[in-house]
Amino acid sequence: MEKEHINLLLVDDEDALLESIRRRLQLRDFNVIAVNRGEKALEVARTEPIDVAILDLKMPGMSGKDVLIALKRDYPWLEVIILTGHGSFDPENEKEFGKAYTYLSKPCDLNTLLATLVAAYKKTVMNRRGMTPEEIASRLQGIDAASPRAILKKLKELDSNV
Amino acid sequence: MTDINRVKDNNAPACPTSGENYHRRLKQRLFVGLLIAYLIPITLLTIYFNYKFDANVRESSKLQLAAAVDSQRNTIDLFMQKRIVNLFNLFHLKAFSLEPDQATMDSYLANLIRADNAFVDVGLIDPDGIQTGYAGPYPHLRGKDYSHENWYQDLANQSKSYIITDLYLGLRRQPHFTIGVKQIVDGRFYVVRSSVYPDKLGDLLIFSRHGKQASGYLVNREGIYQAASPGFGDLLTPAFYRPGLEKETDVADIRFQEKPVLAAHTWLREVPWCLVMLQPADLVYKEMYGLRNAMIVGSAFLVLVIMGIVWIIIRKVFHWTESLEQDRAELKSQLYHAHKLVSVGQLAGGVAHEINNPLAIIESESGLIRDMLNPSLALEASPEAIVRELDEIDKAVHRAKGVTQKILSFVRKTDPELVPCDVNKLFDDVVSGVKEQEFKVSNISLIKDYALDLPELMIDPGLLRQVLLNLINNASDAVAENGAITLRTRADGDFIKITVADTGEGMSPEKTEKIFMPFFTTKEVGKGTGLGLPISLNIVEGFGGRIEVRSTPGAGSEFTVVLPVSGKSESAIIYTER
């Protein structure tokens, strides 16, 4: 169980993608738990304290949408990022997807992904700790806004010591 | 279970050219049909009226002739009576003597000739039958004994006081007849006789009424000419036509000198002779024929006018329907193009997913290699490690390439290209790659139930592929996860049956009725265009086939494309670009 690092649940049926993203995020101080099936993701969520999740939509078996619904039901504070390659997917038409933090389309460059992860995790901390945006902004004062690593470290601290 | 067959009548216009033929044929048939419907009654009516009219005119012509002959008979009877009276009058002359001298006899003759110059001579016969007095051209007749002559005996024995003999040659070798009258003077029986030439009667045998001339003759009971107008033959020879004795008056159709004539006869009252009058049929029926000809010409004219009107109306109606047909064809083609755009959009959406995934891998792998080459991250950067990642990039590139090739196989030229197609292979092509991936993802099992002995179809594979893809898309939208889609091919006589069956939600009969209507969709808003099935039907009908639908709510639907093995090549023209 990682206390220092952010626990990231990464779900995608593309093994090559899963592995490369896992390795790159791992290098950037994430504790990545990568699974290629929605069912496995829910299993992991039960045993590991997940801080933030990245979900693919189209997967064999349980779809990303069902995983999202299940996660938000059991862990309402958890923020989930949807990462999908489907071009014609339009979240406006899908009511259930309102529960996701945001949508990213594949391919997505790492900096964007990192920035989104920081924002989503900030939201998770706010949810979990009942902080207002002003509170969290004041707590993060003085930290280099250009360094996701620094912000994430600070956020993890905030999340851990209450 | 509903069962709907979209069966296309093969005569229906499937393309502009065959449509024109169809219209021309229909126009001709309609025209002929209307003409027959009109001509048959009018012809029957014309024939019927003509027949009735003909019969009436014939009857009235006969009656007219009979009446004319009747009055002519009276004229002849009157002539005879006058001659008899002329003879009787001799008895009442002041100068009458039972023993006349020659001068007295001559005066008698003069008296008779004054009355009528038909009289030839005159004789007085005493009770012993001896002609005691004579005046005329044959003086040797004086003293002739008539007591053995038939007419004399008849006159003596009959109650009627006069007699007219048949025509005979007599001693003078010239046809004449004799009129004899008897008178009792002082209890004794005297006879005055006179010979009459029949020429005078001949004059009475020609008459003209209403501009129609009739001529005829008189015959005795034996059918021997007694008098005749010129042209009938010699007197005292048998007549060519002898009327029957049983009817006093009658009219008959006979032939005279190779021409049809109307023959009217009537028996005289004073003499046992029969008056026969002939009138040429063409003369009698002249007016009738004229009227009939006018009627025929009138009818023909009427028919022509009506033909013209019918033709004009049919042309107008067809002109109108043809322009409607044209509009419809235009709409159809617009619909087709609209659908093409929509399906390109759908394809792009589906395809984007398949390309974005490899792209995401490439992006991520290249990022990883960068990380490896970044000394500050202290990753293993051996060539082997980098090559491992590059291999992943290559794999992703190949995947993306496969997808773009699939797209190219969908986006083909629009001219229908008829090539022999193996339907099983076409089915495989349609479901391979993208579709199979989708089914795997959604846990839909795909059952291929192919007939291996399928004949090849002459068809445009691109168009048929579009139809099959539409049906398969519908099936995969209809089945929930863990459902099954069955692809089945069967040879059935001259047809190939291609079935896509699913275990989806099925449709009610009401829905099934509507699915071929453009823009009708059972899918969620934004998902279905409602164009897939109408376009598919359009294409299939273009190849002379049909689409059969069987659907049970809750159990699934089955769409079967039935295509003739000998494809209708010309029909596909409608799908070409304009």
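All chains are named by letter (A, B, ...) in the order of the sequence lines, taking the proteins before the strands, and each is independently numbered beginning at 1.
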>> What part of B:Leu379 gets within 4.5 angstrom of chain A, counting heavy atoms only: side chain, backbone, both, or neither?
In response: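 Only the side chain of B:Leu379 comes within 4.5 Å of chain A.
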> Non-hydrogen atoms of chain A under 4.5 Å away: do they reach the side chain of B:Ser364, the backbone, both or neither?
Replying inline: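 For B:Ser364, backbone and side chain are both near chain A.
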When only pairs under 4.5 Å are counted, which of [options] shares the most heavy-atom pairs with chain A?
options	value
B:Arg399, B:Arg370, B:Glu389, B:Glu392	B:Arg399
B:Ala360, B:Ala396, B:Ser442, B:Ala378	B:Ala360
B:Leu359, B:Asp371, B:Asn443	B:Asp371

> With a 4.5 Å limit on heavy-atom distance, are the side chains of B:Leu377 and A:Arg28 in contact?
Replying inline: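 A side-chain contact under 4.5 Å exists here.
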Distance in Å, [X] [atom1] paired with [Y] [atom2], rounded so as to fall on 0.5 Å steps:
X	Y	atom1	atom2	answer
B:Ile361	A:Glu19	CD1	CD	12.0 Å
A:Asp56	B:Asn357	CG	CG	6.0 Å
B:Glu363	A:Ile21	CD	CD1	8.0 Å

> Quick one: of A:Leu83, A:Leu17, A:Leu18, who has the most non-hydrogen atom pairs under 4.5 Å with chain B?
Replying inline: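 Winner by heavy-atom pair count: A:Leu17.
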> Just by modelled atom types, is the B:Gly367 backbone N or O under 3.5 Å from a matching donor or acceptor in the A:Arg24 side chain?
Replying inline: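 It does hold such a pair.
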> Residue by residue, which of residues 106-114 of chain A have a heavy atom closer than 4.5 Å to a heavy atom belonging to chain B?
Replying inline: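 The residues closer than 4.5 Å to chain B, in numerical order, are A:Lys106, A:Pro107, A:Cys108, A:Asp109, A:Leu110.
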> Of all the residues in residues 34-46 of chain A, which have a heavy atom that comes within less than 4.5 Å of a heavy atom in chain B?
Replying inline: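 Residues qualifying by a heavy atom under 4.5 Å from chain B are absent, so none.
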> For B:Lys440, does the NZ atom sit with more than 12 other heavy atoms under 6.0 Å from it, leaving out its own atoms?
Replying inline: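 Incorrect, the count does not exceed 12.
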> Taking atom NZ of A:Lys153 as the centre, does the number of heavy atoms from other residues, nucleotides or ligands within less than 6.0 Å exceed 12?
Replying inline: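 No, not enclosed.
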